[in-house]
Amino acid sequence: SYGSVFTHAKAGMENVDRERVARVVYDATVGTPHHENETRKERATSKRIAAMKAKGQGMTKTEWETFGRRADERARAMERTRSGARKWLVVDMDGFYAACEELYDPALKSVPVGVAAGPSSVLTTANYVARKYGVRAAMPGFIAKKLCPDLVFVKPDFKKYVKASNESRGVFAQYNPDYIAGSLDEAYIEVTEYCEKHDTTMEAIAEEIRSKVKEATGGLTCSVGGGCSRRLAKVCSDFNKPNGQYILGTTRDDILKFLRDLPVRKMYGIGKTLERILNEFDIKTCGDLLAKRATMLALFTPKAFDFLLGIALGIGTECHPRETPEGSGGRKGVSKSETFKATADKAYLDAKMTELATEVALECQRLNLKGRMVAVKLKRSTFDVIQRQTTLAGPTNDVKTIVNSALRLMRNENSIGANMTLRLVGA
DNA sequence: ATACATACC
DNA sequence: AACTGGTATGTAT
């Protein structure tokens with residue numbers, strides 16, 4: 001499991017000794033509750049795969065032919081929506097948090113750095129020196145330390161990141177004030193109009209943005225991808241990372257050529273589990289995905305099929321999310337959760353839940369939002385997650401209502417298993 | 001509507 | 001010994 005999470009290609013990790021990383025990670029974790037839980041989840045995925053395979057094997061030749069025809073029809077229908085008229089850029093800062101820290105302490109540039117709240121919590125970023133050892137974001141600190149004993153831990157300091165983020169956003173706004181901020185270190189910018197107006201190209205703008213961002217932030221580098229949809233621009237932003245750019249042509253031919261040998265895992269939305277499932281059906285690249293469209297139609301849900309076919313053809317929403325009904329809405333949820341030393345102490349858990357649910361209510365009030373549903377998340381010492389939710393009479397952001405609902409949901413579970421030991425609660 | 005899994009940064 | 005936190009969305013019932 002860890003193998004596929006921690007060793008799959010990430011910028012700066014091309015020459016990593018994957019075997020060593022897999023071994024170190026395994027040795028450090030085998031037998032732990034977390035590892036047991038991962039194994040349990042893997043077995044669930046295996047079951048899912050087995051069911052899909054059985055379904056496929058149970059189908060007659062005629063049924064397969066029908067799926068083949070219908071998959072072709074769907075592909076033709078999707079082709080009719082291909083336009084290629086828009087120009088999207090995605091800007092992604094390189095090793096953002098770590099790079100920000102290096103800005104304030106240049107000595108960090110030459111040593112392996114991991115940004116994490118503490119030496120045993122999870123890394124938010126690793127600098128490129130650390131990545132050579134296989135250390136990367138999302139890796140627990142104690143494993144990172146095993147891979148790279150000289151790793152220097154730096155605590156995250158969001159003030160630095162917000163400042164740099166705002167500086168970079170000042171640059172994006174010059175090209176389109178309606179850019180979409182993904183996170184602090186990522187943005188989607190539509191430059192169709194800008195290219196028209198200034199008679200320029202995505203390539204030229206990408207160069208400009210990279211140099212202006214470096215200037216505005218006092219030295220941070222970023223990578224830029226370009227294409228006719230957000231999805232394609234996004235993959236391209238990773239193609240020449242760090243401090244690089246890649247602009248994909250906008251014709252069908254350019255796109256299919258690019259996708260043919262591109263591993264499916266590179267695409268936004270395909271993670272470790274879906275990659276594993278697809279691999280089981282001999283689908284490794286986006287080209288394979290297109291070739292096996294009949295299999296996908298037969299075995300995946302309609303939504304999943306549309307998603308995968310869109311990836312295979314390189315067709316995705318080219319418009320701004322505000323132009324679609326779904327994208328026009330604002331925020332959909334507010335939550336707070338906290339991990340602590342596993343305990344069954346009801347008084348402690350009650351107090352924690354009260355504290356977190358209160359914060360959620362106050363955050364809703366601050367944002368002027370009301371919710372219709374309260375959900376709690378409990379994580380047992382065994383790492384399995386329990387989620388319970390309740391629908392309220394009407395939208396609210398009242399502290400008492402939210403706290404009481406959350407407590408009731410948690411107590412319901414607690415009364416079932418008297419020995420429930422939790423390591424996280426959230427609302 | 002509810003429970004839970006997956007994915008992203 | 002030790003594996004986050006926040007948000008969104010998909011799947012299954």
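A note on names: the letters A, B, ... follow the listed sequences, proteins ahead of strands, and every chain is numbered from 1.
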Inset, instruction - Indicate whether OP1 or OP2 belonging to B:dC9 is found under 4.0 Å from a side-chain N or O atom of A:Lys234. - result: yes
Inset, instruction - Select base, sugar-phosphate, or nothing to describe what A:Leu123 touches, counting heavy atoms under 4.0 Å on all strands. - result: nothing
Inset, instruction - Side chain of A:Asp185 only, please: which of B:dC9, C:dG5, B:dT2 is the nearest? - result: B:dC9
Inset, instruction - Describe the nucleic acid contact of A:Met93 in one word from base, sugar-phosphate, nothing, applying a heavy-atom distance below 4.0 Å. - result: nothing
Inset, instruction - Write down the distance between CE (A:Met373) and P (B:dC4), rounded to a whole number of angstrom. - result: 13 Å
Inset, instruction - Answer with base, sugar-phosphate or nothing: what part of the nucleic acid does A:Arg276 contact at a heavy-atom distance below 4.0 Å? - result: nothing
Legend entry - Side chain A:Gln245, main chain A:Glu207, donor-acceptor under 3.5 Å: yes
Legend entry - Nearest listed nucleotide, side chain of A:Lys41, among B:dC4, B:dT6, C:dA8: B:dT6
Inset, instruction - Assign A:Val334 to base, sugar-phosphate, or nothing according to its heavy-atom contacts below 4.0 angstrom with the strands shown. - result: sugar-phosphate
Inset, instruction - Using a 4.0 Å heavy-atom cut-off across all strands, classify A:Leu424 as base, sugar-phosphate, or nothing. - result: sugar-phosphate
Inset, instruction - Please tell me which of the listed nucleotides, C:dA2, B:dT2, C:dG10, lies nearest to the side chain of A:Lys303? - result: C:dG10
Inset, instruction - Kindly state whether the ring of A:Phe305 and the ring of A:Phe67 have centres lying under 6.0 angstrom apart. - result: no
Inset, instruction - Report yes if the distance between the aromatic ring centroids of A:Phe340 and A:Tyr348 is under 6.0 Å, otherwise no. - result: yes
Legend entry - A:Tyr161 OH to B:dC9 C1', straight-line distance once rounded to whole Å: 14 Å
Legend entry - Rounded distance (Å) that lies between atom P of B:dA7 and atom CG of A:Leu278: 10 Å
Inset, instruction - Under 4.0 Å between any heavy atoms, over every strand shown, what does A:Thr273 touch: base, sugar-phosphate, or nothing? Just pick one. - result: sugar-phosphate
Inset, instruction - Look at A:Ser121 and C:dT4 and indicate whether a side-chain polar atom (N or O) is within less than 4.0 Å of OP1 or OP2. - result: no
Legend entry - Heavy-atom side-chain proximity of A:Cys228 to A:Ile255 below 4.5 angstrom: yes
Inset, instruction - Could you check whether A:Ala375 gets within reach of a base, just the sugar-phosphate, or nothing at all, counting any heavy atom under 4.0 Å? - result: nothing
Legend entry - Heavy-atom check, side chain of A:Ser121 versus side chain of A:Lys155, under 4.5 Å: no
Inset, instruction - Would you kindly compare A:Thr45 and A:Ser183 by the position of their nearest DNA chain B nucleotide and give the one closer to the 5′ end? - result: A:Thr45
Inset, instruction - Answer yes or no: does a side-chain N or O of A:Ser120 lie under 4.0 Å from OP1 or OP2 of C:dA1? - result: no
Inset, instruction - Write down the distance between CG (A:Asp238) and P (B:dC8), rounded to a whole number of angstrom. - result: 12 Å
Legend entry - d(CG, A:Leu409; C1', B:dC4) in whole Å: 15 Å
Inset, instruction - Establish, with yes or no, whether the OP1 or OP2 oxygen of B:dC4 is under 4.0 angstrom from a side-chain nitrogen or oxygen of A:Arg388. - result: yes
Legend entry - 5'-most by nearest nucleotide on DNA chain C - A:Glu363 or A:Thr301: A:Glu363
Legend entry - A:Lys146, nearest nucleotide to its side chain (from B:dT6, C:dA2, C:dC3): C:dA2
Legend entry - Selection from C:dT4, B:dT6, B:dC9 that lies nearest to any side-chain heavy atom of A:Lys379: C:dT4
Legend entry - Between A:Asp238 and A:Ser223, a side-chain donor and acceptor under 3.5 Å: no
Legend entry - Euclidean distance, atom CG of residue A:Leu308 to atom P of C:dT9 [Å, nearest integer]: 18 Å
Legend entry - A:His35-A:Tyr26 aromatic ring centre distance below 6.0 Å: yes
Inset, instruction - Could you check how far NZ of A:Lys377 sits from C1' of B:dT2, rounded to whole Å? - result: 17 Å
Inset, instruction - Could you say whether A:Ser335 or A:Gly141 is positioned toward the 5' end of DNA chain C, judged by the nucleotide with the nearest heavy atom to each? - result: A:Gly141
Inset, instruction - Please measure how far the P atom in B:dA5 lies from the corresponding atom in C:dT4, and state the result in whole Å. - result: 16 Å
Inset, instruction - Tell me which nucleotide among C:dC3, B:dC8, B:dC4 gets nearest to the side chain of A:Val122. - result: C:dC3
Legend entry - Side-chain (A:Tyr161) to main-chain (A:Asp157) donor-acceptor, under 3.5 angstrom: yes
Inset, instruction - Measure from the side-chain heavy atoms of A:Lys332 and tell me the nearest of C:dA12, C:dA8, C:dC3. - result: C:dA8
Inset, instruction - State whether A:Arg48 places a side-chain N or O below 4.0 Å from either non-bridging phosphate oxygen (OP1 or OP2) of C:dA12. - result: no
Inset, instruction - Verify the contact: side-chain N or O of A:Lys272 to OP1 or OP2 of B:dA7, cut-off strictly under 4.0 Å; return yes or no. - result: no
Inset, instruction - Indicate, with a heavy-atom threshold strictly under 4.0 Å, whether A:Phe307 touches base, sugar-phosphate, or nothing. - result: nothing
Inset, instruction - May I ask you to evaluate whether A:Thr339 reaches the phosphate of C:dG5, defined as a side-chain N or O under 4.0 Å from OP1 or OP2? - result: yes
Legend entry - Whole-Å gap separating P (C:dG5) and CZ (A:Phe383): 11 Å
